[in-house]
Structure formats: C-alpha cells, structure tokens
Amino acid sequence: MPSSVTQLSTSSKNDWLSACQALEQQGQPYCIVTIIAEAGSLPRGTGSKIVITQSQQFDTLGGGQLEFEIINTARKGLKEKQSTMDAPLVHIERFSLVADLGQCCGGACAGDV
C-alpha cells in the first residue's frame, strides 16, 4: 500500500477528507460512511464520518459493534462494486444499537443511527 495512505493520522477533524484525497490520487476505491441522523446516546453524532477501503479505515464513528458492522457492510459493497463500473452507490441503513447490535453507549441504552 502506498505510504501516503498508510501514514495518514487520526488527529485531525478532516482525516476523512485527507484520506479521500489520497485515495482518489491513487485510484483506490473507498466508501464514506456518514451518520445522517441520531436518536439517543451514541458514540459520535450526526455528521461524523469514516472512510473505508478493503484493507483500512480512516477516522472513526466511535468504535464498538456499530463501527464493526459498518466496516463489514462497506467492504462488502466495495467488493461488489469492483465487479461493475456503475456510478457511485448511495446506501442508507438504520442501526439500533441495542436491538440490532447489542451495544450500549454512555449508560443510556437506546441509541439509533
């Protein structure tokens, strides 16, 4: 993997944007995941982003089972997309932290993303 991607840090608010720029320059496929709505207690709020490739991720949605599931979903989509040359895909999915993922954040176990 080119060093410009692997050396990206996670200390800046714009890590996801820097990652996208580097991946674009290298012609690598990636997925941007954004929290577009929230209810209850969550690790990170609306607008939080993570950039996912087949082998890496940049920035975070707060970790835990939510991030694990999102990374797996994104990588599955990237794998399927590699077999076609279609336009970029937009996919919206709802997760209930407790009901779907068994995850509790901040002591209030009722978050939805």
Side-chain angles (χ1 to χ4, degrees):
M1 175 105 359
S3 62
S4 61
V5 173
T6 57
Q7 291 180 2
L8 290 173
S9 73
T10 56
S11 60
S12 166
K13 277 175 81 173
N14 293 324
D15 281 338
W16 66 271
L17 183 56
S18 297
C20 291
Q21 291 168 334
L23 293 165
E24 281 290 328
Q25 289 174 350
Q26 296 165 14
Q28 291 195 27
Y30 61 92
C31 176
I32 304 172
V33 176
T34 305
I35 296 177
I36 59 172
E38 63 180 291
S41 179
L42 301 173
R44 299 217 26 223
T46 300
S48 298
K49 294 178 179 15
I50 184 172
V51 175
I52 302 164
T53 70
Q54 282 295 352
S55 61
Q56 296 179 283
Q57 59 268 357
F58 303 93
D59 219 325
T60 182
L61 294 179
Q65 191 65 25
L66 171 65
E67 191 163 296
F68 177 80
E69 291 296 328
I70 287 170
I71 290 169
N72 285 339
T73 300
R75 288 188 173 144
K76 180 180 174 189
L78 285 169
K79 186 175 182 179
E80 291 170 2
K81 177 99 173 97
Q82 286 177 351
S83 64
T84 68
M85 297 306 281
D86 296 335
L89 174 67
V90 175
H91 175 85
I92 298 176
E93 190 161 341
R94 178 187 172 277
F95 291 96
S96 174
L97 295 185
V98 175
D100 297 336
L101 305 173
Q103 182 175 336
C104 182
C105 298
C109 296
D112 286 332
V113 180

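Being a predicted model, the structure only gives us computed values, none of them experimental.
When every heavy atom of C20 is checked against every heavy atom of V51, the shortest pair comes out as SG-CG2, 3.6 Å. Smallest separation of non-hydrogen atoms from K79 and Q54: N-NE2, 3.1 Å. Between I52 and A74, the shortest heavy-atom distance links the atoms CD1-CB, 3.6 Å. Contact detail for L23 and F58: the closest heavy-atom pair is CD1-CE1, 4.2 Å.
Applying the side-chain contact (heavy atoms from CB on, under 4.5 Å) test to T34 and every residue at least two apart in sequence or in another chain returns I32, I36, K49. For the side chain to side chain donor-acceptor pair (under 3.5 Å) test, residues two or more places apart in sequence or in another chain that qualify with T60 are E67.
Within the model, atoms CG of L61 and CD1 of I70 stand 5.0 Å from one another, a figure rounded to the nearest 0.5 Å. Distance check, rounded to the nearest 0.5 Å: CD of E69 to CD of E93 gives 9.0 Å.
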* To do: Kindly indicate, with the supporting measurements, whether the criterion side chain to side chain contact (heavy atoms under 4.5 Å, CB included) is fulfilled by Y30 and E24.
  => CA-CA 9 Å; Y30 61 92; E24 281 290 328; 2.8 Å; yes
